[in-house]
Peer 1: 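Please read through the structure below; I'll follow up with questions.
Lettering follows sequence order; numbering is per chain, from 1.
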There are 2 protein chains.
Amino acid sequence: MSDAAVRPRRRGARERVLDAIRAAEPLSRVELATITGLTEAAVSMTVRRLLDEGIVVESGLAPTAGKPRRLLRLDPAARIAVGVYLDEDTTTYVLTGQTGGVLSRLARPAPDPADPETLSRQVLADVELLFTGAGVERERCLGVGVVWPGPPGGTAQDLGTRLSAATGWPVLVENDATAAAVGEYWVARVGPEQGFAALYMGSGIGAGIVLEGRAMRGGRGNAGEFGHVCVQVDGPQCQCGSRGCLEALAGPRTVVAAALADPVAAAEAGLDPGEPRRSVVADFAAVARAARAGAPRCRALLEDSARYVAAAAESVLNLLDIDLVVLTGPGFAAASFVYGPAIMRRVAVADRLTWQRSVTVTVSLAAATASATGAAALVLQSHLSSR
Amino acid sequence: MSDAAVRPRRRGARERVLDAIRAAEPLSRVELATITGLTEAAVSMTVRRLLDEGIVVESGLAPTAGKPRRLLRLDPAARIAVGVYLDEDTTTYVLTGQTGGVLSRLARPAPDPADPETLSRQVLADVELLFTGAGVERERCLGVGVVWPGPPGGTAQDLGTRLSAATGWPVLVENDATAAAVGEYWVARVGPEQGFAALYMGSGIGAGIVLEGRAMRGGRGNAGEFGHVCVQVDGPQCQCGSRGCLEALAGPRTVVAAALADPVAAAEAGLDPGEPRRSVVADFAAVARAARAGAPRCRALLEDSARYVAAAAESVLNLLDIDLVVLTGPGFAAASFVYGPAIMRRVAVADRLTWQRSVTVTVSLAAATASATGAAALVLQSHLSSR
DNA sequence: ACGAGAAACTTCAGTTGCTTAAGAATGTTA
DNA sequence: TAACATTCTTAAGCAACTGAAGTTTCTCGT
C-alpha cells in the first residue's frame with residue numbers, strides 16, 4: 001500500500017478543482033473559482049501544483065474582453081489505473097488514462113475462483129501482460145480496481161490483499177454496480193450535484209447510487225441491492241431468503257429460465273434447452289438480440305421483466321429524489337431498448353402530476369464493459385481526495 | 001486497501017466534538033479525542049471555546065489511575081429551539097432545550113392554511129405565548145423549525161419566510177418524516193456512524209433517512225417518499241399518478257377506508273361511517289386501539305397493511321444497507337405492536353441467510369409528537385455546523 | 001500603432017485550525 | 001511523601017485558505 005495510505009483531508013481545494021475539471025473540462029482558473037467556491041488565489045496555487053505534477057495541462061486559450069482564459073484539462077496519460085472485472089466466465093482487464101479512456105484491454109477465460117492462490121497468480125500475470133502490451137510505464141499506475149458480481153469481501157477481498165502485497169499498488173475491491181456507477185460518474189462527466197442511480201444488469205441486477213459526488217456503500221458495503229427490492233409482497237421465493245424480490249421476478253436468470261421453458265421463445269433466441277448452459281449473461285443477450293430482431297415471444301419476456309424493473313426503479317427514484325437513471329452492464333447494453341422506455345413510461349405520469357421533476361433515462365456509452373472501466377475509475381476517484 | 005484514505009474529514013472540530021457529546025454524553029476530553037479522531041490539544045481548545053460560550057458544561061469527575069477525567073455535557077438550557085408542527089387538524093408547538101428535552105408545549109386547533117397571512121399571524125402569536133408561558137428569554141432561541149405533512153415549499157415555505165422576517169430567527173422548513181428522523185437522531189443519541197431509516201406514519205407514510213449523521217433530502221427536498229415505494233407492480237391507482245404505491249395499498253387512509261367499509265371492523269373501532277370523518281390520524285388510532293384490545297377484524301386490517309409496509313421497509317434496508325429502523329409518528333405510536341414484529345419477521349430470514357446483518361426495529365420514545373420535537377431538533381442540528 | 005481598459009491570473013501578508021511536543025495539574029499508590 | 005499514571009494545557013509550527021493589492025496580457029478605440 002504505497003501512497004494510498006496518505007492522510008485524508010477535508011474535501012479540500014485539490015479535490016474540488018480536479019473534480020470540477022473532470023466534470024466540465026476544459027476550464028479556466030476563474031471558472032474553477034466560481035464553480036468550486038474557492039478564491040481565485042486558492043485556485044491559482046492549487047492549479048500550479050497540479051501543473052507541476054503533470055496531472056493537469058494547459059491547452060488553448062479562450063478569448064475574452066481582457067486577458068484570455070487559459071484552459072485547463074486533465075492530461076489523459078499522466079496517470080493511469082487498472083480495472084479488473086472477474087465475471088462468471090471471463091476476466092476482463094482494462095488500462096485507462098486519467099480521463100477514463102481505455103488505453104488497453106485484455107480478456108481471458110475466468111480461472112477457478114475457488115483457489116485464491118492460482119487466481120491471484122493468474123491475475124498478476126495478466127496485469128503484467130496488460131502493461132507490456134500497452135507499452136506503458138508501471139510507475140504512472142495509481143492502483144488496481146477489482147470488481148466482481150457480488151459483495152466485496154471473501155474471495156475478492158482476499159485477491160485484493162494478495163495483489164496489493166505483490167504489486168505494491170493500492171487495490172480497491174467493489175461490486176459491479178457501484179463500480180459501474182463510479183465509472184459513469186467519471187467518464188460521462190456527471191457533475192457532483194447531480195445524483196443518479198446506475199442500474200446494472202449482469203448475471204444479476206444491482207444499482208450503484210451516487211449522491212453529492214460520492215458512491216453510497218452502506219454499512220457493510222452492501223448498498224445498492226436493487227435486485228432485492230420487493231416488487232410483489234407475496235412473490236416467489238428468492239435466493240436471498242425473502243419473497244418477491246425484483247431479481248427473482250425479473251432478473252436475467254429468471255428471463256433466461258422463462259425463455260428456456262417456452263419452446264417458441266427458446267427457438268427465437270436460438271437457445272437449446274438440452275445443451276449445457278453458457279453464462280446467464282450470454283443467454284440473456286441472445287434473448288435480447290432476438291427481441292430486437294422482432295421475435296415476439298422474446299420481446300414479451302423482456303417487456304414483462306421490464307415492468308418489474310420499472311416499478312423498482314420508480315421506488316428508488318422516489319425514495320432518494322433522484323432524476324437520472326443510467327442503464328449499464330451487459331444486460332442493459334443488450335436490452336435497454338425495452339427497459340429504458342418501460343422506465344420512462346412508468347415514471348412519466350407521477351413525475352408530471354406529483355413530483356414536478358422530469359426523469360432522464362440514459363444508457364451508458366460503454367455499458368457492456370462498464371464494470372471494468374468502472375473498476376479503474378474507482379482508483380482515479382479515490383486519488384482525488386488523497387495526496 | 002485504502003479505505004482509510006478515502007474517508008473524508010469534512011466536518012470541523014467544533015461540529016465533531018458537539019456531535020460526539022450529543023450522542024454519548026457525558027464524555028471527557030480524552031474520550032472526545034479518541035472518538036472524534038482529533039488530537040487532545042485540538043479537543044482542549046475546542047472545548048474551552050464551547051465552555052466559554054456556555055454551550056457545554058463540566059459536570060462531575062470520573063476517577064482513573066491518574067488525574068480524573070472531567071466530564072462534559074451539553075447545558076440543556078443554554079440554547080433552545082422552537083418546533084412547529086402544522087398537522088391536518090392541530091398545530092403543535094414545542095420549546096426544547098439543547099439536549100432535545102421538551103421545556104414547554106402548546107397545541108392549538110389548526111388555522112386555515114389557505115390564508116398565509118392569518119396563518120403566519122396565528123403562529124407568531126402562539127410562539128409568543130409559548131415563550132411567555134415557559135418564562136424563557138427569547139435571546140437564547142436559535143431558531144424555529146416548521147414541519148408539515150408534505151414537501152417543503154409552497155405554503156410552508158411562505159410561512160417560513162414570513163416567520164423569519166417577523167422574528168429575526170432562522171426558520172427551517174421540513175417534511176414530517178425527515179424532521180422526525182433528525183429528532184430521533186438527536187434525542188435518542190444515535191451515533192453518526194449508525195445509518196437509519198425513520199418510518200413515519202401520520203396521515204400518510206414517509207421515511208426520514210439519516211446516513212453518516214446527515215439527513216438525506218434529495219435534489220428537490222423530496223427524498224424519503226417511502227409511501228410511494230411500489231410494492232405491487234399492477235396495484236391500485238395511487239394519488240401520485242402511479243400504481244401499487246405503498247400508501248395506496250397500506251397507508252393509514254387506506255386502512256381507515258377499509259375499516260369503514262367493513263361493518264364489523266367499524267363497530268370494533270367505534271367508527272360510524274355515517275358521521276363526518278375526523279382526521280385520518282384519529283380514525284387510524286381508533287382502529288389500532290381496537291386491535292390492541294383484541295378486536296380481530298381491526299387486527300387483521302393492520303396485519304394486512306403491515307405486510308406491505310414490511311416489504312417496502314425491506315426494500316429500503318437492502319437498497320441502503322441499513323440495519324436500524326425506527327417507527328415513529330402518531331400512526332406507528334398507536335400501531336407499532338403490529339408493524340414492528342411484521343418488519344422483523346419479513347427481514348429475519350434473508351438477514352441471516354444472505355446479508356449477515358441483524359436489523360433492529362425500535363419505536364421512537366415520543367413517537368406521537370416526533371414531528372414537533374424533530375422540527376426543533378432540525379434547528380439544533382443546523383447550528384452544529386455553523387459558528 | 002499605441003494608450004486605455006478589461007479581465008485573468010499572481011503575489012503576499014494575514015488568519016484559521018489543526019498538529020507535534022513538551023509541560024503543568026491532579027489524582028492514586030508504594 | 002515521593003513516584004507514578006493520567007488528564008489536560010500551552011507553545012510553536014505548519015498548511016490551507018482568504019483578502020487585498022498587484023501584474024500580465026489581451027481587445028478596442030482612436
Peer 1: Which heavy atom of Pro170(A) sits nearest to which heavy atom of Ser164(A), and what is that distance?
Peer 2: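 Heavy atoms only, the tightest pair is CA-OG, 4.5 Å.
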Peer 1: For the pair Leu61(B) and Leu71(B), evaluate side chain to side chain contact (heavy atoms under 4.5 Å, CB included) and give the outcome as yes or no after the intermediate values.
Peer 2: CA-CA 6 Å; Leu61(B) 301 177; Leu71(B) 298 177; over 6 Å; no
Peer 1: If you assign each of Val30(A) and Gly66(A) to its closest nucleotide in DNA chain C, which residue comes earlier from the 5' end?
Peer 2: Gly66(A)
Peer 1: Could you check Ala13(B) against Val43(A) and say which one's nearest nucleotide on DNA chain C is further toward the 5' end?
Peer 2: Val43(A)
Peer 1: Which is true for Ser44(B) with a 4.0 Å heavy-atom rule: it touches a base, it touches only sugar-phosphate, or it touches nothing?
Peer 2: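 Since a base atom lies under 4.0 Å of Ser44(B), the category is base.
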Peer 1: Once you round it to whole Å, what is the distance between P of dT25(D) and CD of Glu58(A)?
Peer 2: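 The answer, rounded to whole Å, is 12 Å.
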Peer 1: Starting at CZ of Arg48(B) and ending at C1' of dG17(C), how long is that distance when rounded to a whole Å?
Peer 2: 14 Å
Peer 1: Tell me whether the side-chain N/O atoms of Ser28(B) come closer than 4.0 Å to OP1 or OP2 in dT7(D).
Peer 2: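 No, Ser28(B) has no side-chain N/O under 4.0 Å of OP1/OP2 on dT7(D).
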Peer 1: Please work out if Thr46(A) contacts a base, only the sugar-phosphate, or nothing of the nucleic acid, heavy-atom cut-off 4.0 Å.
Peer 2: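 Result for Thr46(A) = nothing.
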Peer 1: Can you tell me which nucleotide in dT6(D), dT20(C), dC17(D) comes closest to the side chain of Ala41(B)?
Peer 2: dT20(C)
Peer 1: For Leu61(B) and dT6(D), give me the distance from atom CG to atom P, rounded to whole Å.
Peer 2: 17 Å
Peer 1: Please give, in whole Å, the distance from dC18(C) C1' to Met45(B) CE?
Peer 2: 6 Å
Peer 1: Does the side chain of Thr39(B) get closer than 4.0 angstrom to OP1 or OP2 of dC18(C) through an N or O atom?
Peer 2: no
Peer 1: Output the single nucleotide from dC9(C), dT7(D), dT18(D) whose closest atom is nearest the side chain of Arg29(A).
Peer 2: dC9(C)
Peer 1: If you look at every strand shown and take non-hydrogen atoms under 4.0 Å, does Arg49(A) touch a base, only sugar-phosphate, or nothing?
Peer 2: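 Sugar-phosphate, no base atom in range.
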Peer 1: Is there a side-chain contact between Arg69(A) and the phosphate of dA8(C), meaning an N or O under 4.0 Å from OP1 or OP2?
Peer 2: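 Checking Arg69(A) against dA8(C): at least one side-chain N or O falls below 4.0 Å of OP1 or OP2.
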Peer 1: What's the CG-P distance between Leu71(B) and dT7(D), to the nearest Å?
Peer 2: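 Between P of dT7(D) and CG of Leu71(B): 12 Å.
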Peer 1: Could you tell me the separation between the CG atom of Leu38(B) and the P atom of dT9(D), rounded to a whole number of Å?
Peer 2: 15 Å
Peer 1: Both conditions, 6.0 Å and 45 degrees, for the charged tip of Arg22(B) above the ring of Tyr185(B): are they met here?
Peer 2: yes
Peer 1: Find the distance Leu51(B):CG to dT9(D):P and express it as a whole number of Å.
Peer 2: 8 Å
Peer 1: To the nearest 0.5 Å, how far apart are CG in Leu32(B) and CG in Asp19(B)?
Peer 2: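 Rounded to the nearest 0.5 Å, the CG-CG separation comes to 11.0 Å.
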Peer 1: For Arg16(A) and dA16(D), give me the distance from atom CZ to atom P, rounded to whole Å.
Peer 2: 14 Å
Peer 1: Where each residue is assigned the nucleotide of DNA chain D containing its nearest heavy atom, which of Lys67(B) and Gly37(A) is assigned the position nearer the 5′ end?
Peer 2: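 Counting from the 5' end, the first nearest nucleotide belongs to Lys67(B).
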Peer 1: Determine: side-chain N/O of Arg70(B) to OP1/OP2 of dA25(C), distance under 4.0 Å, yes or no.
Peer 2: no
Peer 1: In plain terms, say whether Arg48(B) and Asp52(B) are close enough for a salt bridge, that is, a side-chain N and a carboxylate O under 4.0 Å apart.
Peer 2: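 Salt bridge absent between Arg48(B) and Asp52(B).
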